[in-house]
> 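Before anything else, here's the structure in question.
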Amino acid sequence: VVSGTWRLTAGSKPKNTAAGGYHTVISTEGGQVYACGVGAKGRLGHGHEQPAYTPTVVESLKGVTVAG
């Protein structure tokens with residue numbers, strides 16, 4: 001379990017958060033998506049299976065408008 005307080009990219013305000021037993025996903029008002037947690041089987045969308053202990057931008061979704 002990873003807990004704490006992190007800063008997102010300057011100017012990014014969280015809009016939605018979804019959390020499960022192994023990961024957390026945050027979307028921002030600007031449309032970026034961040035994910036952190038267990039990376040097994042590519043669950044975080046970062047292109048590898050390593051864990052992310054702090055919210056990390058999901059690069060594969062850059063430029064994609066995220067609604068919600």
> Would you say Thr17 and Thr24 make side-chain contact, with heavy atoms under 4.5 Å?
yes
> Roughly how far apart are Gln32 CD and Lys62 NZ, rounded to 0.5 Å?
6.5 Å
> Find out whether Thr28 and Tyr34 are in side-chain contact, i.e. whether some heavy atom of one side chain is under 4.5 Å from a heavy atom of the other.
yes
> Treating Thr56 as the side-chain partner and Thr54 as the backbone partner, does any N or O pair qualify as donor plus acceptor under 3.5 Å?
yes
> Between His48 and Gln50, is there a donor-acceptor pair closer than 3.5 Å when you use the side chain of the first and the backbone of the second?
yes
> So, for His46 and Ala52, which heavy atoms are closest and what is the spacing to 0.1 Å?
CE1-CB, 4.0 Å
> Check the pair Val38 / His23 against side-chain contact (heavy atoms from CB on, under 4.5 Å), numbers first and verdict last.
CA-CA 6 Å; Val38 176; His23 65 277; over 6 Å; no
> When hydrophobic residues are tied together by side-chain contacts of less than 4.5 Å, even through go-betweens, does Val25 share a cluster with Val58?
yes
> Are Val57 and Ile26 linked, directly or through other ILVMFWY residues, by side chains that come within less than 4.5 angstrom of each other?
yes
